[in-house]
Amino acid sequence: MARGDAGMYPAAAGGRGGSSTARKAAPWILACVFLLCSSVLFLGAEGAIGVNYGMIANNLPTPDKVIAMYKANKISYVRLFHPDTTVLTALRGTGIGVVLGTLNEDLAHLASDESFAASWVASYVKPFAGAVTFRYITAGNEVIPGDLGTHVLPAIRNIETALKAAGVTGVPVTTAVATSVLGVSYPPSQAAFSEGSAPVMAPLVAYLSSKKAPLLVNVYPYFAYAAEPETVQLGYALLAGSSSSSATSKVKVASVTDGGLVYTNMFDAILDAAHAAVEKAGAQGLELVVSETGWPSGGGGTGATVENAAAYNNNVIRHAASGAGTPRRPGKAVETYLFAMFNENQKPEGTEQHFGLFQPDMSAVYPVDFASGSY
């Protein structure tokens, strides 16, 4: 969601751990806001909760200590924004599922040069295959729409070819997108890819569907709330309707009706908007994985408090663990990755530095009940 690890990602990309467009409320969310105003109101593969491991900081624990924290907290999955052999070495034999990303700046090379893709796989995948459980490989993070977007599908194909040549099987190759790929998108059933993203997204989702690979989507209700706090109800953004905790039980919750479907939280509405857009592009049944979601605990932003961050992330864990799915896809558990493991001090000042579940000294920013995820 933010700029990428070590600041390597282009400003046009979006995502706390790897880019920037997700920091802005997408136009479709703002459209949703005005209707809301008038209508106020951890697991096995699917539905699992993972945590993004961002590294834009100079004071983080060593990777072996970080992976030990994942194990101690029974976190089943980790997402890496770029390949790091020290981290991959620490993951050997842990059984933790790994989402391994490429650098956005490598996309053009991966797309145009099969030998570069082969070298990438030989360096970061092949040596660890078997000992590390690779869940997905992501070609870029939040580069669609944008100049790098056209490189995503060719890069995916070249990485797949390289994996096959290296004898690595069963690892889907995909990408992660922000909600900025959506144009017309409220109500959720009317969502569609924007004019700028559709030429890339339509063939991409068709290809992913043909390979039975999921599309990763970064979902941030926080930014919609922060952009329009006077019209977006806090409880709707915090998934308060999914909580029995005292922290959110007294928060008023809106609901939005879309045809015969009722939405009691923005997380589901955003995800179902993405589902609808994918289906309109012709990719029926394509699985969506929430590759990033989170809430800042500080930094001076609207609603950026420890209480709200704790409520949101714990509610997301419960919601994913319930296996309830979304109104558009009920009973289809949603694999979800919280952003992020640590507060990162080399990100831009403000809320960007406060999305972590833990401080760099490994103390918890607030309690997170990973056990409710039934890992």
Side-chain angles (χ1 to χ4, degrees), residues 4-10 12-15 17-19 52-53 55 78-89 91-92 97-178 181 197 199-218 283 286-287 289 291:
D5 291 313
M8 297 178 184
Y9 294 86
S19 29
N52 286 265
Y53 179 5
M55 305 177 197
V78 59
R79 181 181 175 215
L80 305 176
F81 291 96
H82 66 88
D84 185 306
T85 55
T86 305
V87 176
L88 291 170
T89 297
L91 283 161
R92 285 181 178 273
V98 179
V99 179
L100 179 63
T102 72
L103 289 168
N104 285 352
E105 63 189 22
D106 285 342
L107 276 174
H109 207 178
L110 286 165
S112 63
D113 188 345
E114 290 186 0
S115 65
F116 181 77
S119 176
W120 192 93
V121 168
S123 297
Y124 305 121
V125 182
K126 179 64 173 176
F128 303 96
V132 172
T133 305
F134 290 106
R135 186 144 183 79
Y136 316 114
I137 292 172
T138 57
N141 182 55
E142 295 189 342
V143 298
I144 305 169
D147 293 341
L148 291 176
T150 56
H151 298 305
V152 170
L153 186 50
I156 287 174
R157 289 192 174 110
N158 282 347
I159 293 170
E160 288 176 337
T161 298
L163 289 172
K164 184 177 180 180
V168 178
T169 61
V171 183
V173 186
T174 181
T175 192
V177 299
V181 297
S197 67
V200 173
M201 289 303 299
L204 173 64
V205 297
Y207 184 80
L208 294 177
S209 182
S210 73
K211 294 288 184 175
K212 294 182 168 49
L215 174 68
L216 276 57
V217 182
N218 297 339
L286 179 66
E287 180 185 356
V289 169
S291 41

Student check: side-chain heavy atoms of V152 and I144 closer than 4.5 Å: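 SC-SC contact between V152 and I144 confirmed.
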Pairwise side-chain contact, L80 with Y124, heavy-atom cut-off 4.5 Å (strictly under):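 Answer no - side chains too far apart.
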Result of checking L107, T138, N141 against T102 for side-chain contact (heavy atoms from CB on, under 4.5 Å):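 By the side-chain contact (heavy atoms from CB on, under 4.5 Å) criterion, T102 pairs with just one of L107, T138, N141: L107.
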Among T175, V181, V289, side-chain contact (heavy atoms from CB on, under 4.5 Å) partner for L215: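 With L215 as partner, side-chain contact (heavy atoms from CB on, under 4.5 Å) holds for just one option, T175.
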Atom of A283, atom of A206 and distance for their closest heavy-atom approach: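 That would be CB-N, 4.3 Å.
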Main-chain N/O of T85 paired to T89 side chain as donor or acceptor, under 3.5 Å: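 Confirmed, T89 side chain pairs with T85 backbone.
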Donor-acceptor contact below 3.5 Å, side chain T174 vs main chain P214: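 At least one qualifying donor-acceptor pair exists.
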Atom CG of D147 with >12 non-hydrogen neighbours under 6.0 angstrom: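 No.
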Side chain to side chain contact (heavy atoms under 4.5 Å, CB included) between V143 and H151, intermediate numbers included: CA-CA 9 Å; V143 298; H151 298 305; over 6 Å; no
Step-by-step side chain to side chain contact (heavy atoms under 4.5 Å, CB included) determination, F134 to L88: CA-CA 10 Å; F134 290 106; L88 291 170; 4.0 Å; yes
Straight-line distance of L100 CG to W120 CH2, nearest 0.5 Å: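 Spacing of CG (L100) from CH2 (W120) equals 4.0 Å.
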Intermediate values then yes/no, side chain to side chain contact (heavy atoms under 4.5 Å, CB included), L163 and T169: CA-CA 7 Å; L163 289 172; T169 61; over 6 Å; no
Chi angles and distances behind the side chain to side chain contact (heavy atoms under 4.5 Å, CB included) call for L204, I156: CA-CA 10 Å; L204 173 64; I156 287 174; 3.7 Å; yes
